[in-house]
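Positions are given from 1 along the sequence.
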Amino acid sequence: MKQSGKMKVMAALLAGIMLLGSGFSMKEASAMEQNHGKTETQKKAVKIVQTAGRDQLGDFVPDFARYNDDILFGEVWSKNDVLSLHDRSIVTVSALIAQGITDSSLKYHIGEAKKNGVTKAEMAEIITQVGFYGGWPKAWAAFRYAKEVYAE
């Protein structure tokens, strides 16, 4: 057997061992390949209903309120069959901290993250990680809210 043939066989064996070790079957791998990465048991999206925009800003700026409630939450957050609410919460909290938005909206989203299954330990790691990449003082500010939310 030529050297390149041996390398292909070794690569295939290694890939098979890795798949078996991860509990990922060849049937699943084949199904994912055929479905472009989607498994046969796709999660069903849960519609998110939000009224904060209309409640707080509807009289003053109705279009913005509609964008907040119907587009951001009604469409973007409702695509939780693609990206879970847990993961969307992590992304949202990270983005708010990195931008330095450490007002009541950050506390709200940390609370929603907790409701969406983000644990206290995960939140501590998220804020620490963002602190290194987004700014240490921003992480300090975020930890104040996280302590309040996870103490409740």
Side-chain angles (χ1 to χ4, degrees), residues 12 14-152:
L14 183 58
I17 291 168
M18 289 172 64
L19 287 173
L20 288 173
S22 69
F24 193 73
S25 73
M26 294 303 270
K27 182 179 177 184
E28 290 171 311
S30 175
M32 285 184 72
E33 185 177 297
Q34 290 172 2
N35 294 324
H36 304 289
K38 295 180 182 176
T39 61
E40 292 177 21
T41 56
Q42 283 290 321
K43 294 185 278 181
K44 185 168 173 60
V46 176
K47 181 75 171 172
I48 304 299
V49 178
Q50 174 67 273
T51 62
R54 286 182 178 87
D55 294 346
Q56 296 176 30
L57 298 173
D59 293 339
F60 184 69
V61 60
D63 285 341
F64 184 85
R66 182 176 56 82
Y67 301 150
N68 182 81
D69 296 349
D70 299 344
I71 307 299
L72 175 58
F73 287 94
E75 291 183 26
V76 176
W77 275 84
S78 291
K79 289 185 71 178
N80 47 61
D81 58 329
V82 179
L83 186 64
S84 71
L85 294 175
H86 174 275
D87 293 350
R88 284 186 192 278
S89 289
I90 290 172
V91 171
T92 302
V93 168
S94 298
L96 291 172
I97 296 168
Q99 292 181 72
I101 300 174
T102 54
D103 61 9
S104 61
S105 65
L106 176 60
K107 184 176 182 182
Y108 168 81
H109 281 287
I110 291 173
E112 289 301 299
K114 182 180 177 184
K115 288 178 194 170
N116 291 331
V118 177
T119 66
K120 178 181 173 183
E122 287 175 317
M123 185 59 68
E125 287 301 314
I126 291 162
I127 296 172
T128 300
Q129 183 80 12
V130 172
F132 279 99
Y133 288 92
W136 206 248
K138 296 171 187 175
W140 270 97
F143 273 125
R144 285 196 304 271
Y145 285 130
K147 279 180 63 176
E148 286 179 35
V149 168
Y150 283 90
E152 297 169 357

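Residues meeting the side chain to side chain donor-acceptor pair (under 3.5 Å) test with Gln50, sequence neighbours left out: Tyr108. Residues meeting the salt bridge (charged side-chain N to carboxylate O under 4.0 Å, His left out) test with Glu148, sequence neighbours left out: Lys107. Not counting sequence neighbours, Asp59 has no partner by the side-chain contact (heavy atoms from CB on, under 4.5 Å) test. In this view, Leu83 and Asp87, Arg88 satisfy the side-chain contact (heavy atoms from CB on, under 4.5 Å) rule, not counting sequence neighbours. Listed by chain and residue number, Glu112 satisfy the side chain to side chain donor-acceptor pair (under 3.5 Å) test with Lys115 (two or more places apart in sequence, or in another chain). Qualifying side chain to side chain donor-acceptor pair (under 3.5 Å) partners for Glu125, counting only residues two or more places apart in sequence or in other chains: none. Partners of Asp55 by side-chain contact (heavy atoms from CB on, under 4.5 Å), not counting sequence neighbours, listed by chain and number: Thr51. The side-chain contact (heavy atoms from CB on, under 4.5 Å) check on Ala95 picks up Gln99, with sequence neighbours excluded. Remark: Arg54 pairs with Asp69, Asp70 by the salt bridge (charged side-chain N to carboxylate O under 4.0 Å, His left out) rule, at least two apart or across chains. Shown here are the side chain to side chain donor-acceptor pair (under 3.5 Å) partners of Asn68, two or more places apart in sequence or in another chain: there are none.
The shortest non-hydrogen separation linking Asn116 to Ser89 is ND2-OG, 2.9 Å. Scanning both residues, Ile97 and Ala139, for their nearest heavy atoms gives CG2-N, 4.3 Å. Considering all non-hydrogen atoms of both residues, Ala65 and Leu57 come closest at CB-C, 4.3 Å. Residues Val118 and Tyr150 share a closest heavy-atom pair of O-OH, 2.7 Å.
Between Leu85 and Val46, every side-chain heavy-atom pair lies at or beyond the 4.5 Å cut-off. Under the 4.5 Å side-chain criterion, counting only non-hydrogen atoms from C-beta, Leu106 is in contact with Val93. Contact of the Met123 side chain with the Val149 side chain is not registered, since no non-hydrogen atoms from C-beta on lie closer than 4.5 Å. The shortest side-chain heavy-atom distance between Trp77 and Leu72 falls under the 4.5 Å cut-off.
Here the CD1 atom belonging to Ile101 is positioned 9.5 Å from the NE2 atom belonging to His109, to the nearest 0.5 angstrom. Note that CG of Asn80 and NE2 of His86 are 13.5 Å apart. Values are rounded to the nearest 0.5 Å. Expressed to the nearest 0.5 Å, how far NZ of Lys47 lies from NZ of Lys79 amounts to 12.0 Å. A distance of 6.0 Å separates CZ of Arg66 from CD1 of Ile71, quoted to the nearest 0.5 Å.
The stretch residues 113-133 participates, sequence neighbours left out, in these ring-ring contact (aromatic ring centres under 6.0 Å, His included) pairs: Phe132-Trp136.
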Fill in: Worked verdict on Ile110 versus Leu96 for side chain to side chain contact (heavy atoms under 4.5 Å, CB included)
CA-CA 10 Å; Ile110 291 173; Leu96 291 172; over 6 Å; no
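With hydrogens and angles ignored, the 3.5 Å screen pairs no side-chain donor or acceptor of Lys114 with any backbone N or O of Lys120. Using a distance-only test at 3.5 Å, with no hydrogens or angles considered, a donor-acceptor pair links the side chain of Ser78 to the main chain of Phe73.
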